[in-house]
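Structure first, commentary second.
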Amino acid sequence: MMNICVIGTGYVGLVSGVCFSDIGNNVTCVDIDENKIENLKKGIIPIYEPGLDELVLKNIEENRLHFTTELQTAMNDAEVVIIAVGTPPKETGEADLRFVEAVARSIGKNLTDYKVIVTKSTVPVGTGKWIKGIIAEEAGHSNFDVASNPEFLREGSAIYDTMNMERAVIGVESDKAKDVLSNLHEPFQTNLVIADIETAEMIKYAANAFLATKISFINEIANICELVGADVTKVAEGMGHDNRIGKAFLSAGIGYGGSCFPKDTNALINIAENAGYNLKIVKDVENVNAQQRYRVYDKLVEALNGDISGKRIAILGLAFKPNTDDMRAAPSIDIIPKLHSDGAEVLAYDPVAMKNAKKEIAGLQTVESYEQAVQDADAVIILTDWNEFKEMDLQDLKSKLRHPVMIDGRNMFPLEQMENLGFYYASIGRKTVKAAQI
Ligand SMILES: NC(=O)c1ccc[n+]([C@@H]2O[C@H](COP(=O)([O-])OP(=O)(O)OC[C@H]3O[C@@H](n4cnc5c(N)ncnc54)[C@H](O)[C@@H]3O)[C@@H](O)[C@H]2O)c1
Ligand SMILES: O=c1ccn([C@@H]2O[C@H](COP(=O)(O)OP(=O)(O)O[C@H]3O[C@H](CO)[C@@H](O)[C@H](O)[C@H]3O)[C@@H](O)[C@H]2O)c(=O)[nH]1
């Protein structure tokens, strides 16, 4: 078992830190945010991620997981130092490497003996080599290896994804680093993909761009389905049984949000541009996604006969996906202001993201339950496919609404059920049920 230092305690650093400790390693997590570290020491978690608080507490109690703001202390006995700080987008779409650079400089200043320094943050191709230079310059020696080990966890199922990782990508330039990182991943009994550093860095962007492409692809198919009277959920099912295509990531809806797909597709376009290549497919993936979220708005306006001014609209779901309070690039951030600017009154409910959403959406009004949100509403829009919404009593919900209008951006309910219940029900890539006249 190893001593590991993880720098950055966001979704990635905290989750991988706690998972590495849970399999028996001694892990010290470092962050510059003192408040965050003080809370983490007490087991208080800054984000909503199922199972994370229990696992952090367990590993603190079992003395395998430690938190500090002191990089020097954390690095002391560590064989592996993992960089997991943010790489947010710049105005231009390029990844901003300022946090990675600052960390590389600090590592260099504190590097006294051999360590493997691993980039887990999603970074442009070439970053590994670049930070190697920075670390060597600060350290005044080259007794270290750099490596790339990109992260593939999804928010909302981050612990599960890490504990059951389908592969670990290890980008290295020495056998020593390869052995250290292969040993670290051995308990996960996963597929190891060993590559050079540039290739490992590229795998991360290619994987995210491909998944984003699947989503925009099925959303375009959904848009055609609406025009020709086909049902995209059946189309996806029929496609997905083909193993070459696969079932996953073919859910049509209002498109992708989150901290990764929008940022990473953009960064990949920039990487290509800087290398002199025009990345055509990924540009279209972004364009389709940017427009897709407004389809629920168009459908609402159509349902309410062209005028939503003065209408009360219930919004169910604010987070970019279920099981998270992360609001980064959530479709709700674009949709709700559009409803506001048309003069609609919006009442929103999300099981966990309302606090964060208020920081992102000016004038957002929230309520404490979906029942309160739909009470006397002229229409309800579903933006996030939380289980809580899947389990709603639709008969009861209908009785609370002023008009039985539901616009479903996540295709949560069967058309037949909505027809039988007497709803006007518009979803994505399926026929609109018009069992109620408005
Ligand atoms: N969120 C995800 O689901 C996910 C999944 C895979 C990969 N990634 C990638 O992983 C990286 C981290 O993403 P995240 O969502 O965890 O970020 P985050 O913004 O949630 O967390 C980053 C943390 O780094 C800390 N930090 C910044 N500078 C520091 C420094 N000099 N020293 C110590 N700590 C410092 C910040 O205080 C913050 O706590 C990004 O490159 C992202 O693209 C994210
Ligand atoms: O069929 C689908 C699947 C997803 N989505 C949307 O796509 C977005 C992203 O979802 P998901 O991939 O589940 O969540 P993330 O936490 O953003 O995870 C992605 O981004 C991470 C950061 O790079 C990677 O580590 C993960 O492998 C990758 O799945 C969300 O808005 C979903 O609603 C769809 O619209 N249709």
Side-chain angles (χ1 to χ4, degrees), residues 5-17 29-37 40 46-47 49 68-71 74 82-89 95-107 119-124 127 149-158 161-162 165-167 201 204-205 207-212 214-219 222 232-233 236 240 246-265 267 289 292-293 317 319-324 326-332 383-386 409-411 428:
C5 164
V6 180
I7 308 174
T9 56
Y11 286 88
V12 169
L14 187 55
V15 170
S16 33
C29 293
V30 191
D31 206 291
I32 41 168
D33 185 333
E34 286 176 16
N35 192 29
K36 211 181 228 187
I37 291 296
L40 283 166
I47 49 174
E49 183 61 46
T68 179
T69 52
E70 299 292 325
L71 180 63
I82 298 175
I83 303 174
V85 295
T87 48
D96 186 344
L97 292 177
R98 109 179 86 130
F99 303 114
V100 173
E101 181 178 356
V103 168
R105 294 210 178 275
S106 311
I107 291 173
T119 309
K120 200 173 246 316
S121 302
T122 303
V123 292
T127 303
N149 172 221
E151 178 55 59
F152 298 98
L153 64 80
R154 292 165 298 174
E155 290 178 20
S157 55
D161 288 351
T162 307
M165 59 177 82
E166 290 175 318
R167 82 299 213 181
E201 289 167 341
K204 175 65 194 175
Y205 283 108
N208 271 2
F210 186 76
L211 292 170
K214 270 187 115 174
I215 298 171
S216 279
F217 181 86
I218 200 66
N219 281 335
V232 74
T233 52
K247 290 188 176 64
F249 275 68
L250 288 181
S251 298
I254 48 174
Y256 58 81
S259 70
C260 293
F261 289 168
K263 157 174 95 65
D264 294 346
T265 46
N289 194 60
Q292 191 67 16
R293 51 188 55 182
F320 81 99
K321 65 177 285 191
N323 298 322
T324 182
D326 198 340
M327 282 295 295
R328 290 180 279 185
S332 60
L383 296 185
T384 317
D385 40 344
W386 281 95
R410 299 293 183 179
N411 290 351
I428 308 289

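Counting starts at 1 for both ligands and their atoms, in listed order. Heads up: numbering here begins at 1 and tracks the sequence.
The part of S259 lying near ligand 1 is the side chain, judged by heavy-atom distances below 4.0 Å.
Take Y11 and apply the ring pair (Phe, Tyr, Trp, His ring centres under 6.0 Å) test, not counting sequence neighbours, and it matches no residue.
Remark: among candidates K36, E151, E101, the nearest residue to atom 6 (C) of ligand 1 is E151, based on non-hydrogen atoms. When L153, D264, T122 are ranked by how near their heavy atoms come to atom 7 (C) of ligand 1, first place goes to T122.
Atom numbering of ligand 1 starts at 1 in the shown order; those under 4.0 Å from a heavy atom of F99 are 28 (N). Numbered from 1 in the order shown, with element, the atoms of ligand 1 that lie under 4.0 Å from a heavy atom of K204 read 6 (C). Listed by number with element, the atoms of ligand 1 under 4.0 angstrom from any heavy atom of V12 are 4 (C), 5 (C), 6 (C), 7 (C), 8 (N), 10 (O), 16 (O), 44 (C). Using a 4.0 Å cut-off to heavy atoms of K263, the atoms of ligand 1 that qualify are 42 (C), 43 (O). Proximity to T87 (heavy-atom distance under 4.0 Å) selects the following atoms of ligand 1: 40 (C), 41 (O), 43 (O). Close approach of ligand 1 to I7 (heavy-atom distance below 4.0 Å) involves ligand atoms 32 (N), 33 (C). Contact atoms of ligand 1 toward V85: 11 (C), 12 (C), 24 (O), 26 (N), 27 (C), 28 (N), 29 (C), 34 (N), 35 (C), 40 (C), 41 (O) (distance under 4.0 Å to a heavy atom of the residue).
Note that the CZ atom of F152 and the OG1 atom of T162 stand 12.0 Å from one another [nearest 0.5 Å].
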N/O contact list for ligand 2, threshold under 3.5 Å:
{"unit_1": "ligand 2", "atom_1": "1 (O)", "unit_2": "L250", "atom_2": "N", "d": "3.4"}
{"unit_1": "ligand 2", "atom_1": "1 (O)", "unit_2": "S251", "atom_2": "N", "d": "2.9"}
{"unit_1": "ligand 2", "atom_1": "13 (O)", "unit_2": "K321", "atom_2": "NZ", "d": "2.8"}
{"unit_1": "ligand 2", "atom_1": "14 (O)", "unit_2": "K321", "atom_2": "NZ", "d": "3.2"}
{"unit_1": "ligand 2", "atom_1": "16 (O)", "unit_2": "E155", "atom_2": "N", "d": "2.8"}
{"unit_1": "ligand 2", "atom_1": "23 (O)", "unit_2": "K204", "atom_2": "NZ", "d": "2.8"}
{"unit_1": "ligand 2", "atom_1": "23 (O)", "unit_2": "N208", "atom_2": "ND2", "d": "2.8"}
{"unit_1": "ligand 2", "atom_1": "25 (O)", "unit_2": "F152", "atom_2": "O", "d": "3.2"}
{"unit_1": "ligand 2", "atom_1": "25 (O)", "unit_2": "L153", "atom_2": "N", "d": "3.4"}
{"unit_1": "ligand 2", "atom_1": "25 (O)", "unit_2": "L153", "atom_2": "O", "d": "2.6"}
{"unit_1": "ligand 2", "atom_1": "25 (O)", "unit_2": "K204", "atom_2": "NZ", "d": "3.0"}
{"unit_1": "ligand 2", "atom_1": "27 (O)", "unit_2": "F152", "atom_2": "O", "d": "2.7"}
{"unit_1": "ligand 2", "atom_1": "31 (O)", "unit_2": "G257", "atom_2": "N", "d": "3.0"}
{"unit_1": "ligand 2", "atom_1": "31 (O)", "unit_2": "F320", "atom_2": "O", "d": "2.9"}
{"unit_1": "ligand 2", "atom_1": "33 (O)", "unit_2": "R410", "atom_2": "NH1", "d": "3.1"}
{"unit_1": "ligand 2", "atom_1": "36 (N)", "unit_2": "S251", "atom_2": "O", "d": "3.0"}

